[in-house]
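Presented below is the structure to which this report refers.
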Number of protein chains: 4
Amino acid sequence: MFQVRTDLALEAREKFEEDNVEIKGVRLDEEQVTPEIHISSVMIETENGAKVMGRPKGSYVTLEASNMMEEDEGYHREISVQLSRILKRLLPDKQDFTTLVAGLGNRAVTPDSLGPRVVDNLCITRHIINEFGKYVIGDNCQKSVSSIVPGVMAQTGIESMEIVRGIVKETKPDVIIAVDALAARSTRRLNRTIQVTDTGINPGSGVGNHRHGLNGESMGIPVIAIGVPTVVDAATIVIDTMNNLLEAMCHAKQLRQLGHSYDELDLVEKYDLVHELLTPQLNTLFVTPKDVDEAVKRLSFTISEGINMALQKDEKKEEE
Amino acid sequence: MFQVRTDLALEAREKFEEDNVEIKGVRLDEEQVTPEIHISSVMIETENGAKVMGRPKGSYVTLEASNMMEEDEGYHREISVQLSRILKRLLPDKQDFTTLVAGLGNRAVTPDSLGPRVVDNLCITRHIINEFGKYVIGDNCQKSVSSIVPGVMAQTGIESMEIVRGIVKETKPDVIIAVDALAARSTRRLNRTIQVTDTGINPGSGVGNHRHGLNGESMGIPVIAIGVPTVVDAATIVIDTMNNLLEAMCHAKQLRQLGHSYDELDLVEKYDLVHELLTPQLNTLFVTPKDVDEAVKRLSFTISEGINMALQKDEKKEEE
Amino acid sequence: MFQVRTDLALEAREKFEEDNVEIKGVRLDEEQVTPEIHISSVMIETENGAKVMGRPKGSYVTLEASNMMEEDEGYHREISVQLSRILKRLLPDKQDFTTLVAGLGNRAVTPDSLGPRVVDNLCITRHIINEFGKYVIGDNCQKSVSSIVPGVMAQTGIESMEIVRGIVKETKPDVIIAVDALAARSTRRLNRTIQVTDTGINPGSGVGNHRHGLNGESMGIPVIAIGVPTVVDAATIVIDTMNNLLEAMCHAKQLRQLGHSYDELDLVEKYDLVHELLTPQLNTLFVTPKDVDEAVKRLSFTISEGINMALQKDEKKEEE
Amino acid sequence: MFQVRTDLALEAREKFEEDNVEIKGVRLDEEQVTPEIHISSVMIETENGAKVMGRPKGSYVTLEASNMMEEDEGYHREISVQLSRILKRLLPDKQDFTTLVAGLGNRAVTPDSLGPRVVDNLCITRHIINEFGKYVIGDNCQKSVSSIVPGVMAQTGIESMEIVRGIVKETKPDVIIAVDALAARSTRRLNRTIQVTDTGINPGSGVGNHRHGLNGESMGIPVIAIGVPTVVDAATIVIDTMNNLLEAMCHAKQLRQLGHSYDELDLVEKYDLVHELLTPQLNTLFVTPKDVDEAVKRLSFTISEGINMALQKDEKKEEE
């Protein structure tokens, strides 16, 4: 029924940390790149790790920037630079691959419009290279880049995955970059976190809850997914607060008696108690910040620039 | 600090009903217009009633339609007809008044875009009548109607109220119709309810929480407000579920002991307990349905048509 | 180089009429459906006819309504009804075909946004029928309908045709309806004419000048195209006025002498003279009415409703 | 009737240059700021100059950049810097003035959406300064800046000028910056030129042809107008080409006879001839480039940044 859902591997990992559980087959790396930017990598390396973490084997790199939401002169270039570094590690290791960027989500629902908006600011080159060759373009954008905004099923009647797969078959890119808005567990992470993974988009993820995966298996080519949590499930926020309440009962002086009784319930009983009180409607609701329009506008620009940088030939050289 | 907020007078009234409290100075009328459409009128008639209800004296008419969200051939014309009937009762009782419609809210945040979208479909006549006189226009739109979408403070740096007041001083309409998205207490009412009131827009209401009133007092002319609840405050949804939890503790068999202890807390202690567990972040979050784009699109059209009908000369005659 | 371009078969036909030329293999039918609505059908029946007319064999049905631009209560339902009649004649003659509607053009350029906007108001059913079967849906929309807005090449790097073909291969619809904004020869026809053809979209047509066809041949299934002229090529408007000027010279009293000299030029010389004076920039410009936003908004709704009606099961019965 | 209209003072000046006419009371300065950026200032200093030029006394500074349309990494920062320099010379010469930016035009018509889009990217501070004082904000945006997008008369029924004047009366800014899309005479200047003037917006200018001025006289405070030509009147483009035709007739070898006759017509007769052939419809049409969406998107960002820089305290210091 209700689950405390998160699309961030980092948050899934943290749950176990709280419980002091070691997970075999899951490795965590941390890097404080600048005083403001922190990068964590969760590597799920075995089938066991995948099972425990509830998501496929692969790398999940999370970029957290405390100031991501603060206004900058336009956008946070330093975050774009870090994002491009992360992307380059996951992109094909050859000179001239071709990329299809898929902007998933619903342009008409503000917190779900991240993907379409990222695509709006990309440097698209496939049609120019196809017509004139790649030496016509200046130094900036020499790799072939195409894009698609597939829309959502309520608008098209078609799964995003089907649309992208059809286009992949026609245009044969080497790699897909899929951009999507995600659901976090914690409101603290909203619009402050970028997750990059080589496992693609998987069923049950995203603001609109994708029903089919857009991943290496379904596409036949590598799929890198970039996501930003812009909502929390309404059920999650309620369950979390109720858990706080029940925890508190065990400690609050005036409630010692009360907490004691609650304490005697076993875990299953506790969950039953909480779920009993949630209405089914919660499943169709999400929680989002009031300034989500500004956040998505700024973040989508930061991510576009990160992708643009990652697909520029010379920057790669420059870095070496 | 946190309050269980509702912009619907009907929900404010229901709270007292639950508690079996009679409120002096507040009258309630109910009308089942069609099997699907129910109209309730809360009349706050005295200062005491206003104080208890926490909102100004005046009429609050609520139109509820169980099927408002179901797809129709385009939009629900029968709801527009009822809305126009309600509006006509509140509009000036003379032949040729002029109207300014203000579409409040933020076009860039889907659940707050109701007001701007309603204005998009209005029949605007002021400039035509000013230039050619009213006999040039066909039968449909003979009253002078103008409109403004003031935007929100983060975009303009100016209160909506200041913008509308400036335009009122320049253009001197006889009446304002202000359209705005509201916050409800119950998720059940989202996108299924239209509230019409002759008290205007008051501080603290609306998805974006207006800080200044747009009402008869601040404008110097009557202000009719049309609102639809499209969000629930995140704090409200959490508080409500926690109250359910605590209530349930008094009844659940396995929790009799626990409930008993909770029961012994007095009302103030209960509230303290609940509020202690809420994070301040909840104040900056709202809860909204996933299909809010479709809902706002359809509702804004229904309301535009209701306003268009209400401001047509002949319909008024027809009705008599 | 420059051509007097028109996407309307009717205008191509008229050119020959002016010259009193009979065209073998091209048949014309006319029908005055209502005092306001006139329907003309140009049937290109032979390869010779196709060559002379400069477009593929097939039916080109043109609906002209003098009042199409006048405001109605919302939209012109009577035009939608006629459009649905025309569509039904071209759609597959079986009970349960599936349809993909492609909204071609650029949503960000007002006169080119017709296709994307038509798709916004369609009744999409494919995903519901796929999940629940067709008996779940009410009487209104029982045929499987899906849609795609492919965007334009500057945004995606991919031809619209490639995107649609990929989706056709994945989802296997029985028929495509492609909606697109067109270029007319005469400004008089802008936003007042709907062309429906069973020949699809062909290279060189559309506001953005498609470079590849979206037709039966490229798609492997029938393609019905619905188009409305919303622009005139800048070159066309200049050439037309210049021809008027040169014609006038032959008649204007004060210019008899002048006209006489012009008359002595042969046709090739006349064309050379005109083209010499056109700058190459004209090729990148189009001419459009100042109220194109209102026109496209209203027309897109009229066309959506026409398509919705055509794909409803019961309406078909009703008509018989 | 028809006029060869231009909103650019520079183009009005050039007309006289062609004719080798000296205009008393009109001074021209030229500055090649960088190899790509050229700045011309037309100063209309006397009533006579104003009469001859057909526009009010004042400064008209034109920034032309040959590469303004070429893609840059995001936007042309060097153009923004020059624009801010021009603005600072015209803005009040005191520490702490307050500014209202008005984004004129129609957001729904691509070439007329420049003004609204510029406002979307401004740094708005008035509400923050009003609430917290100016020392709360960082170094970037310390002057009070507010904005309004008044919409167009077909949408609001109200003149832009009335809306802005009402807001000026309520909020009492020290200066207005009005941003608007313009009509040029030459297609060569489209989207490549920025005009800044201290004379405001005057009747007959703009894509939508303002009927009332938004200037110092009507507002009671200084009005600086920033404009970019995004359209050419359809009549202009036709008249220009026809004039070319008639000129050519005097020179073309094969037309010597013809040209000779035309030459014998006096100026009035020539104009009559041309105007006779123009249809009244031309007045409701405009000509715009096919890539106007990309152009307006990029230019609006360049201008926003120029305004943001001009209203930053420290940049002013920095420059000295």
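Below, each value reflects all heavy atoms present in this structure, side chains not excepted, and no hydrogens, waters or symmetry copies. Chain A is the first sequence line, chain B the second, and so forth, proteins listed ahead of strands; every chain is numbered from 1.
- A salt bridge does not link Glu159(B) to Arg126(D): none of the charged side-chain nitrogens sits closer than 4.0 Å to a carboxylate oxygen.
- Listed here is the closest heavy atom pair of Ala154(D) and His127(B): CA-NE2, 3.9 Å.
- Scanning residues 163-173 of chain D against chain B with a 4.5 Å heavy-atom cutoff picks out Ile163(D), Arg165(D), Gly166(D), Ile167(D), Lys169(D), Glu170(D), Thr171(D), ordered by number.
- Atoms OG and CD, from Ser146(D) and Glu162(B) in turn, are 9.0 Å apart once rounded to the nearest 0.5 Å.
- Under a 3.5 Å cut-off, the side chain of Ser147(B) and the backbone N or O of Gln155(D) do form a donor-acceptor pair.
- Interface check for chain D: of the options Ile124(B), Thr156(B), Ile158(B), the most heavy-atom pairs under 4.5 Å are formed by Thr156(B).
- For Arg89(D), the salt bridge (charged side-chain N to carboxylate O under 4.0 Å, His left out) test picks out no residue, with sequence neighbours left out.
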